[in-house]
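Residue numbers start at 1 and run along the sequence shown. As the structure is a prediction and not an experimental result, all values here were calculated from the model.
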Amino acid sequence: TAIEFYILSEKEAILAGDELQIGLAKMYKGNALSFIGEFSEASKEFQDALQIFQKLKNIHYIISARSSLSDLYSQNLFYDEAKKERDEAISLAEKFGSHGHLSAFYYNAALDNQSQGDYKASIANFKKALNAGRKTDNPKFYEATPLTGLVIACSEINDILKAEFYLREF
């Protein structure tokens, strides 16, 4: 299984003394554990990976680990914890101009807002996701998802004119 592969990868990375590979093995193992519903173990792996990446000062993987934690918390309805991790990641992504990450973070925040019935905040975050995506090297790739979210969110609050506006943006 994938988990066995990541366990083996982690063991090999430990033998090689390769901290980055240890962190990556832990992060990917966390993703696999999350996929099969082992959320507590997944959280531990993500947190261990995050500590390694922080020690290495690897901003890209710090952002990725926080993203994984945020997604894990969101899918288990721990919205406050998800927001805390996402806000930390957003701060780093803004500092380093990682617009692709920002687009995904704001999109996921918008989904959390919707799940909690806060369509005003959801729409604001979908707009932030759209704006961040448009600052990437591949804006068309990043536009579709937040535009779809905006169409749905505006429809949910019966703002049909805005929904049609975002639909035409496609």
Side-chain angles (χ1 to χ4, degrees), residues 2 23-24 27-43 45-47 49-50 53-54 58-170:
L24 289 172
M27 189 165 66
Y28 296 140
K29 184 172 33 165
N31 285 325
L33 287 164
S34 178
F35 185 75
I36 63 168
E38 296 290 335
F39 302 122
S40 179
E41 284 298 311
S43 177
E45 294 297 331
F46 291 143
Q47 290 173 17
L50 177 60
F53 299 142
Q54 287 172 327
N58 187 312
I59 301 303
H60 176 79
Y61 288 121
I62 291 170
I63 292 170
S64 295
R66 288 202 181 278
S67 176
S68 294
L69 275 167
S70 175
D71 292 345
L72 176 70
Y73 295 148
S74 286
Q75 78 183 84
N76 287 284
L77 310 180
F78 296 119
Y79 297 120
D80 291 338
E81 291 84 353
K83 183 180 182 326
K84 177 182 174 281
E85 290 298 335
R86 188 181 303 113
D87 287 349
E88 293 273 345
I90 286 171
S91 176
L92 282 173
E94 285 176 342
K95 184 176 177 181
F96 291 94
S98 185
H99 300 291
H101 277 118
L102 285 169
S103 182
F105 293 138
Y106 288 128
Y107 178 80
N108 289 332
L111 293 178
D112 282 1
N113 297 139
Q114 270 187 338
S115 294
Q116 297 172 79
D118 188 350
Y119 288 95
K120 183 177 179 181
S122 178
I123 289 168
N125 277 314
F126 280 135
K127 287 178 181 178
K128 289 178 182 179
L130 181 61
N131 290 333
R134 286 180 170 163
K135 293 177 184 175
T136 67
D137 291 338
N138 191 2
K140 290 293 181 196
F141 174 80
Y142 288 95
E143 286 179 346
T145 308
L147 281 171
T148 302
L150 282 163
V151 170
I152 293 167
C154 290
S155 297
E156 287 287 333
I157 61 168
N158 292 319
D159 191 342
I160 303 306
L161 291 176
K162 284 273 192 205
E164 288 175 345
F165 170 80
Y166 290 117
L167 190 57
R168 284 190 302 274
E169 288 278 312
F170 279 106

**Study point:** Residues forming a salt bridge (Lys or Arg N to Asp or Glu O under 4.0 Å) with K140, sequence neighbours excluded
**Key:** E143
Enumerate, atom names and distances included, each donor-acceptor pair closer than 3.5 Å involving a side-chain atom of residues 160-170, sequence neighbours excluded.
{"from": "E169", "atom 1": "OE1", "to": "R134", "atom 2": "NH2", "distance (Å)": "2.8"}

Exercise for review: Output all residues satisfying salt bridge (Lys or Arg N to Asp or Glu O under 4.0 Å) with K128, sequence neighbours left out; order by chain, then residue number.
Suggested key: none
Check your understanding: How many angstroms lie between OG in S40 and CG in L72, if you round to the nearest 0.5 Å?
Key -> 9.0 Å
Study note, to complete from the structure: CE of M27 to OG of S68, rounded to nearest 0.5 Å, is 5.5 Å
Check your understanding: Can you pull the salt bridge (charged side-chain N to carboxylate O under 4.0 Å, His left out) pairs that have at least one residue in residues 103-116, sequence neighbours excluded?
Key -> R86-D112
Check your understanding: Do the side chains of T136 and S103 get nearer than 4.5 Å, heavy atoms only?
Key -> no
Check your understanding: Can you list every pair that meets ring-ring contact (aromatic ring centres under 6.0 Å, His included) and has a residue in residues 107-157, with sequence neighbours left out?
Key -> Y107-F126
Less than 3.5 Å apart, which donor and acceptor atoms pair up between the side chains of residues 90-99 and the rest of the protein, not counting sequence neighbours?
{"from": "E94", "atom 1": "OE2", "to": "Y106", "atom 2": "OH", "distance (Å)": "2.9"}
{"from": "S98", "atom 1": "OG", "to": "H101", "atom 2": "ND1", "distance (Å)": "2.6"}

Check your understanding: Can you name the side chain to side chain donor-acceptor pair (under 3.5 Å) partners of N108, sequence neighbours left out?
Key -> D71
**Study point:** Rounded distance (nearest 0.5 Å) linking atom CD of E88 with atom CG of L69
**Key:** 11.0 Å
Review point. What distance do L150 atom CG and S155 atom OG have between them, rounded to the nearest 0.5 Å?
Key: 10.5 Å
Check your understanding: Excluding sequence neighbours, so at least two apart, what forms side chain to side chain donor-acceptor pair (under 3.5 Å) with R66?
Key -> E85
**Study point:** Residues L111, Q114; criterion side chain to side chain contact (heavy atoms under 4.5 Å, CB included); working and verdict
**Key:** CA-CA 5 Å; L111 293 178; Q114 270 187 338; 4.0 Å; yes
Practice item. Check ring pair (Phe, Tyr, Trp, His ring centres under 6.0 Å) between Y61 and all other residues, then give those that pass, not counting sequence neighbours. Key: F53
Check your understanding: Residues two or more places apart in sequence or in another chain: which of them pass side chain to side chain donor-acceptor pair (under 3.5 Å) with S43?
Key -> Q47
**Study point:** I123 side, atom CD1; K120 side, atom NZ - distance, nearest 0.5 Å
**Key:** 10.0 Å
Practice item. Write down the atom of A49, the atom of G23, and the distance for their closest heavy-atom approach. Key: CB-O, 3.4 Å
Practice item. Any chance you could lay out the side chain to side chain contact (heavy atoms under 4.5 Å, CB included) test for F105 and S70, step after step, and finish with the verdict? Key: CA-CA 9 Å; F105 293 138; S70 175; 5.8 Å; no
Practice item. Working to the nearest 0.5 Å, report the span between CG of L24 and OG of S64. Key: 9.0 Å
**Study point:** Other residues, nucleotides, ligands: >12 heavy atoms within 6.0 Å of N138 CG
**Key:** yes
Exercise for review: Write out all pairs satisfying salt bridge (charged side-chain N to carboxylate O under 4.0 Å, His left out) with one or both partners inside residues 27-42, taking only residues at least two apart or from two chains.
Suggested key: E10-K29, K29-E45
Check your understanding: Should F39 and S34 count as side-chain neighbours, where that means a heavy-atom distance under 4.5 Å?
Key -> yes
Review point. Do K127 and L130 touch side chain to side chain, with heavy atoms closer than 4.5 Å?
Key: no
Practice item. Sequence neighbours left out, what passes side chain to side chain donor-acceptor pair (under 3.5 Å) with D87? Give chain and number order. Key: K83
Practice item. Quick one: closest heavy-atom pair of S74 and Y79, and the distance? Key: O-CE2, 4.0 Å
